[in-house]
Chemist: 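Dropping a structure here in structure tokens format, bear with me for questions.
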Number of protein chains: 2
Amino acid sequence: MTGSSNYMTIGETAKRCGVATSALRFYEQKGLIHSARVSGNHRRYHRSMIRRIAVIQVAQSLGLSLAEINDALGSLPDQRTPTKKDWERLSADWRDRLDQRINILTKLRDNLSGCIGCGCLSLRRCKLYNPDDIAAESGAGPRFLFD
Amino acid sequence: MTGSSNYMTIGETAKRCGVATSALRFYEQKGLIHSARVSGNHRRYHRSMIRRIAVIQVAQSLGLSLAEINDALGSLPDQRTPTKKDWERLSADWRDRLDQRINILTKLRDNLSGCIGCGCLSLRRCKLYNPDDIAAESGAGPRFLFD
DNA sequence: GATTGACTTAAAGTTAACTTTAACTTTTAT
DNA sequence: ATAAAAGTTAAAGTTAACTTTAAGTCAATC
């Protein structure tokens with residue numbers, strides 16, 4: 001255990017990352033992060049876990065489940081700071097996912113706007129203003145806003 | 001109960017909207033939708049509930065909780081098809097929310113790209129590649145990707 | 001040494017959004 | 001009339017992502 005400043009207690013790590021200690025224990029149980037143990041069985045997290053936890057938080061903000069994040073983190077090294085190449089490999093996937101999310105939300109926003117601003121040329125075609133639901137053959141659910 | 005084609009059984013409604021009957025019962029319990037009852041105590045949903053359920057589904061895709069949706073739907077009429085004005089009132093709020101979501105995701109994606117593509121001029125300033133975590137004073141969590 | 005704060009564990013609890021179960025009634029089709 | 005399908009209810013169950021509890025040990029400080 002060379003250099004105590006490379007290792008932090010669970011409380012220090014939690015504070016540093018803005019998560020609860022219980023969450024850190026939970027993540028470790030799920031295999032997402034790892035710790036060493038000192039003679040009193042207290043955890044010691046390597047500094048590289050800060051970055052790893054940050055990556056978990058980013059992935060969560062993308063809507064990934066912990067299981068999915070665990071899969072993705074399989075491509076990162078456990079015990080050292082990820083290199084640039086490591087990060088590239090991971091974030092390429094996530095950028096695709098982000099692009100898709102942005103596209104869907106943009107389309108949804110545009111469809112909202114279009115129907116509001118009289119962008120629609122036909123009351124028959126505009127399903128939102130089709131009060132008799134004539135377009136029932138289009139399929140179940142609010143197709144008109146997602147398609 | 002004029003015009004049986006204005007009312008649908010729970011099965012018909014579920015199929016039409018692409019949701020489960022159990023979800024409809026759940027939403028009704030939560031007060032999000034409403035039904036009439038026939039002599040056998042079977043539910044009958046007015047056609048306007050199709051649109052209302054569609055709105056619920058849209059709001060869910062925005063990440064709103066059912067409680068939040070219930071609040072928002074308070075501004076819509078229960079027993080008739082919402083007018084254009086009704087819809088405008090509701091969707092203005094949601095468009096703001098969509099804009100914010102899109103902005104956050106776009107910023108996140110741009111930060112990912114910037115760091116990958118050597119957009120960063122300083123290894124000290126680029127927190128992602130600051131392996132000794134010198135920027136610890138920036139606050140807890142992955143600030144660099146959200147700010 | 002004594003006290004307080006930080007740590008440990010396993011297991012139970014919380015929350016939201018449903019789904020399933022069990023036991024029944026009603027409706028539909030033959 | 002009968003059988004199958006569709007409907008009813010209350011309550012229990014599921015899931016993911018945690019948090020809290022209960023009961024203890026360890027570490028730091030006086």
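These values consider heavy atoms only, across backbone and side chains, with no hydrogens, waters or symmetry-generated copies. Just so we're on the same page: letters track the sequence lines, and every chain starts at 1.
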Chemist: Once you round it to whole Å, what is the distance between P of C/dT26 and CZ of B/Arg44?
Modeler: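 Rounded to whole Å, this separation is 14 Å.
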
Chemist: Distance check: side-chain N/O of A/Gln29 vs OP1/OP2 of C/dT9, anything under 4.0 Å?
Modeler: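 A/Gln29 to C/dT9 OP1/OP2: no side-chain N or O under 4.0 Å.
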
Chemist: Mind calculating the distance between CD1 (B/Ile56) and C1' (C/dC18) to the nearest angstrom?
Modeler: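 Between C1' of C/dC18 and CD1 of B/Ile56: 14 Å.
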
Chemist: Strictly distance-based, threshold 3.5 Å: is any side-chain N or O of A/Gln100 a donor or acceptor partner for the main-chain N or O of A/Arg97?
Modeler: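 A pair under 3.5 Å: no.
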
Chemist: Taking the side chain of A/Arg25 as heavy atoms from C-beta outward, which of D/dT19, D/dT8, C/dT9 is closest to it?
Modeler: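 Per side-chain heavy atoms of A/Arg25, the pick is C/dT9.
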
Chemist: Starting from C1' on D/dG7, measure out to NZ on B/Lys15 and report it in whole angstrom.
Modeler: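 Atom-to-atom, B/Lys15 to D/dG7, this comes out as 16 Å.
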
Chemist: The side chain of B/Ser39 is closest to which nucleotide in this list: D/dA27, C/dT27, D/dA17?
Modeler: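 Among D/dA27, C/dT27, D/dA17, the one nearest the side chain of B/Ser39 is C/dT27.
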
Chemist: When you measure from the side-chain N and O atoms of B/Arg37 to the phosphate of D/dT9, is any distance below 4.0 Å, counting only OP1 and OP2?
Modeler: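 The answer is yes; a side-chain N or O of B/Arg37 sits under 4.0 Å from OP1 or OP2.
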
Chemist: Starting at the 5' end of DNA chain D, which residue's closest nucleotide do you reach first, A/Gly40 or A/Leu66?
Modeler: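 Residue closer to the 5' terminus by nearest nucleotide: A/Leu66.
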
Chemist: Does B/Tyr27 make a side-chain N or O approach to OP1 or OP2 of C/dC18 shorter than 4.0 Å?
Modeler: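 Answer yes for this pair, as a side-chain N or O of B/Tyr27 is under 4.0 Å from OP1 or OP2.
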
Chemist: Between A/Val55 and A/Val58, is any pair of side-chain heavy atoms under 4.5 Å apart?
Modeler: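 A side-chain contact is absent here, since even the closest heavy-atom pair is not under 4.5 Å.
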
Chemist: With no hydrogens and no angle check, is any side-chain donor or acceptor of A/Asn70 less than 3.5 Å from a backbone partner on A/Lys30?
Modeler: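 Yes.
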
Chemist: Rounded to the Å, how far apart are A/His42 NE2 and C/dC7 P?
Modeler: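 Nearest whole value for this atom pair: 7 Å.
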
Chemist: Measure CZ/A/Phe26 against P/C/dT8 and give the value in whole Å, please.
Modeler: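 Spelled out: CZ on A/Phe26 to P on C/dT8 is 17 Å.
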
Chemist: In whole angstrom, what separates A/Lys30's NZ from D/dC18's P?
Modeler: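 Rounded to whole Å, this separation is 10 Å.
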
Chemist: Please determine, for the side chain of B/Ser22, which listed nucleotide (C/dT20, C/dT8, D/dG7) has the closest atom?
Modeler: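 Per side-chain heavy atoms of B/Ser22, the pick is C/dT20.
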
Chemist: Just by modelled atom types, is the A/Leu32 backbone N or O under 3.5 Å from a matching donor or acceptor in the A/Arg52 side chain?
Modeler: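 Side chain of A/Arg52 to backbone of A/Leu32: a pair is present.
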
Chemist: Rounded to the nearest angstrom, tell me the gap between atom CZ in A/Arg43 and atom C1' in D/dC26.
Modeler: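 It works out to 14 Å between those atoms.
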
Chemist: Could you tell me the separation between the OH atom of A/Tyr7 and the P atom of D/dA27, rounded to a whole number of Å?
Modeler: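 In whole Å, D/dA27 P and A/Tyr7 OH are 18 Å from each other.
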
Chemist: Assess the side chains of A/Glu28 and A/Tyr45: does a donor N or O sit below 3.5 Å from an acceptor N or O?
Modeler: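 There is such a pair (donor and acceptor under 3.5 Å, judged by atom type) between the side chains of A/Glu28 and A/Tyr45.
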
Chemist: Name the nucleic acid region contacted by A/Thr9, choosing base, sugar-phosphate or nothing; use a 4.0 angstrom heavy-atom cut-off, strictly under.
Modeler: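 The residue A/Thr9 makes sugar-phosphate contact but no base contact.
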
